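Here the structure comes first, spelled out in structure tokens, and everything after it is commentary.
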Amino acid sequence: MGTLIKNGTVVNATGSTLADVLIEGERIAAVGQALDSTGHTLVDATDLLVMPGGVDVHTHLDMPFGGTTSADDYRTGTLAAAVGGTTTVIDFALQKQGSTMREALEIWRAKAAGKACIDYSLHMAVTDLGAGDGSQGLGEMEEMVAEGISSFKLFMAYPGVLMIDDGLMFRVMQKAAALNALCCVHAENGSAIDIVVAQMIAEGKTAPHFHAQARSPKAEAEATHRAIALADMAGAAVYIVHLSNEYALDELKHMQARGARSLAETCTQYLVLSIEDQMPGESWEEAKFVFTPPLRERRHQQPLWEALRDGTLQVVSTDHCPFRFQDQKELGRGDFTKIPNGGPGIENRLQVLWHFGVNSGRLTPERFVGLCCTNPAKIFGMGNQKGSIATGFDADILLWDPKAEYTITAATQCMATDYNMFEGWKVKGNAAKVFSRGELVVDNTSAPGHFLGAPGRGRFIKREANAGDLA
Ligand code: URP
Ligand code: ZN
Ligand code: ZN
């Protein structure tokens with residue numbers, strides 16, 4: 001006996017069709033017209049879209065950063081993701097300088113144990129290859145790939161904390177090329193930015209607004225070019241995370257045209273929030289929007305939308321890195337360099353992108369599914385298991401109500417922050433029901449915002465090393 005989702009419109013990245021979907025156990029057993037319902041539990045999806053569950057490949061749960069720890073742990077963060085229609089996340093394990101990747105992996109697996117509400121995987125942020133010739137660290141990269149961690153994160157920002165130099169980055173890229181792994185890069189020129197930051201503080205420019213002023217789009221563009229050029233030299237595929245502005249986009253396009261294997265994501269916030277609207281330089285409240293790269297001027301939004309449409313950008317993620325306003329952002333009152341960098345968004349990605357992307361006609365529903373579900377699953381080596389509604393795939397299924405109206409507010413959200421970046425926004429389009437590996441884990445139609453499964457049910461997903469292959 002299975003669960004039969006009837007009368008819905010199945011939306012995949014490749015097309016939409018009226019079809020039934022049969023779930024048996026944890027998998028999709030059949031997709032087709034008028035499937036026999038005998039013996040199955042029926043779920044009526046009339047007027048609903050049947051989409052793959054969202055895949056958010058950029059989150060920071062329970063992460064020590066900026067003198068504190070991100071506010072969502074694996075329970076609250078993945079629960080919020082599920083309520084918003086996301087069924088898989090890829091979080092970042094951070095290797096500490098002087099420590100090993102193995103240790104980082106164990107720490108992050110322990111954070112997830114007993115808490116993850118949906119399936120998750122990890123990228124490994126490399127900060128150190130060990131003493132001597134680096135062979136110990138390069139060997140660990142092999143071990144990570146064998147563990148199913150097929151993407152490595154490299155920071156070109158945050159000097160003294162996470163930033164690595166070009167030489168180390170290049171060695172990791174060479175090894176990644178040999179392993180068919182993907183290099184994810186935070187592309188900002190951290191050294192140049194730190195000089196500007198110090199100059200601003202010396203001039204008494206300490207308000208949150210100056211966080212954004214200090215990190216120019218040009219610093220991101222320069223690093224974007226350098227990251228792709230180095231990866232190209234090393235023969236590696238590269239994925240630029242949280243690309244936020246038109247200049248960086250220009251560098252990406254230029255390198256893509258030259259044949260460099262370069263992919264990139266943007267994040268929800270860069271598409272709909274701006275310096276003019278959220279950070280005009282008037283109040284401490286603007287600390288809520290201190291993240292990195294920072295918000296950009298409004299004029300950068302349109303090129304990002306265009307790039308999502310024409311395929312220059314392949315993914316929309318959240319870079320969910322939540323800190324409470326009251327006591328965590330507060331650490332930087334009077335000195336923006338001490339404001340923990342990051343913003344909450346894991347719960348609202350699909351709502352915001354649907355409302356401003358699909359409802360406005362910028363994206364088709366199929367492109368939306370491509371950007372939020374299918375492409376991230378494929379690029380990160382789980383495209384045979386997640387990100388599509390097809391026979392044999394995990395039954396991670398989102399019943400999406402395109403007519404549901406919803407007001408985003410911290411008062412009812414599941415994320416552990418005391419604010420929401422989209423506070424008070426009214427959106428149309430919301431998750432109605434969410435299945436994770438066949439289990440109904442969210443029913444926003446009868447128990448809005450409640451998780452029906454048991455924390456800890458989420459599994460670690462081992463990913464293939466496919467060098468970001470989107471085929
Ligand atoms: O401000 C941000 N984005 N915090 C998380 C760390 C990062 O750079 O992605
Ligand atoms: Zn980053
Ligand atoms: Zn991030």
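Quick note: numbers below take in every heavy atom, side chains included, and nothing from hydrogens, waters or symmetry partners. Source: prediction; values computed, not measured. Numbering of ligands and ligand atoms starts at 1, following listing order. If you read the sequence from its start, that first residue is 1, and numbering goes on from there.
- Residues Asn430 and Trp354 fail the side-chain proximity criterion, which asks for heavy atoms closer than 4.5 Å.
- Comparing Val241, Asp319, Thr318 against atom 3 (N) of ligand 1, the shortest heavy-atom distance belongs to Asp319.
- For the pair Lys329 and Phe323, the cation-pi test (distance below 6.0 Å, angle within 45°) is failed.
- Short contacts between ligand 1 and His60, defined as distances under 4.0 Å to a heavy atom of the residue, involve ligand atoms 5 (C), 6 (C), 7 (C), 9 (O).
- With salt bridges taken as basic N to acidic carboxylate O contacts below 4.0 Å, none links Asp396 and Arg437.
- Among protein heavy atoms, atom 7 (C) of ligand 1 sits closest to Tyr158 OH, 3.4 Å.
- Ring geometry for His242 against His58 counts as tilted: the plane angle lies between 30° and 60°, on a 0 to 90° scale.
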Exercise for review: Apply the test ring pair (Phe, Tyr, Trp, His ring centres under 6.0 Å) to residues Tyr158 and His186: give CA-CA distance (whole Å), side-chain angles for both, the deciding distance (0.1 Å), then the verdict.
Suggested key: CA-CA 10 Å; Tyr158 311 126; His186 174 134; 5.1 Å; yes
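- Ligand-side atoms of ligand 1 in range of His242: 8 (O), 9 (O), range being under 4.0 angstrom from any heavy atom.
- Ion pairing between a basic and an acidic side chain is recognised when a charged N comes within 4.0 Å of a carboxylate O; Asp394 and Lys386 show such pairing.
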Review point. Checking ring pair (Phe, Tyr, Trp, His ring centres under 6.0 Å) for the pair His123/Phe380: CA distance, chi angles, key distance, verdict?
Key: CA-CA 9 Å; His123 312 278; Phe380 286 97; 5.1 Å; yes
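- With waters left out, the protein N, O or S atoms under 2.8 Å from the Zn ion (ligand 2) add up to 2.
- Between Asn341 and ligand 1, at least one pair of N/O atoms sits closer than 3.5 Å.
- Applying the ring-ring contact (aromatic ring centres under 6.0 Å, His included) test to Phe460 and every residue at least two apart in sequence or in another chain returns Tyr120.
- Of all protein heavy atoms, the one lying nearest to atom 1 (O) of ligand 1 is Thr292 N, 2.8 Å.
- Angle subtended at the Zn ion (ligand 3) by His58 NE2 and His60 NE2: 110°, rounded to 10 degrees.
- Contact atoms of ligand 1 toward Phe291: 1 (O) (distance under 4.0 Å to a heavy atom of the residue).
- Using a non-hydrogen distance threshold of 4.0 Å, Phe92 does not register as a contact of ligand 1.
- With Phe92 as the aromatic partner, Lys153 meets the cation-pi criteria of under 6.0 angstrom to the ring centre and within 45 degrees of the ring axis.
- Side chain of Gln413 to backbone of Tyr419: a donor-acceptor contact under 3.5 angstrom is found.
- Those atoms of ligand 1 with a heavy atom of Gly342 less than 4.0 angstrom away are 1 (O), 2 (C), 4 (N).
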Exercise for review: Check the pair His211, Phe291 against ring pair (Phe, Tyr, Trp, His ring centres under 6.0 Å), reporting the backbone distance first and the verdict last.
Suggested key: CA-CA 8 Å; His211 169 82; Phe291 41 76; 7.9 Å; no
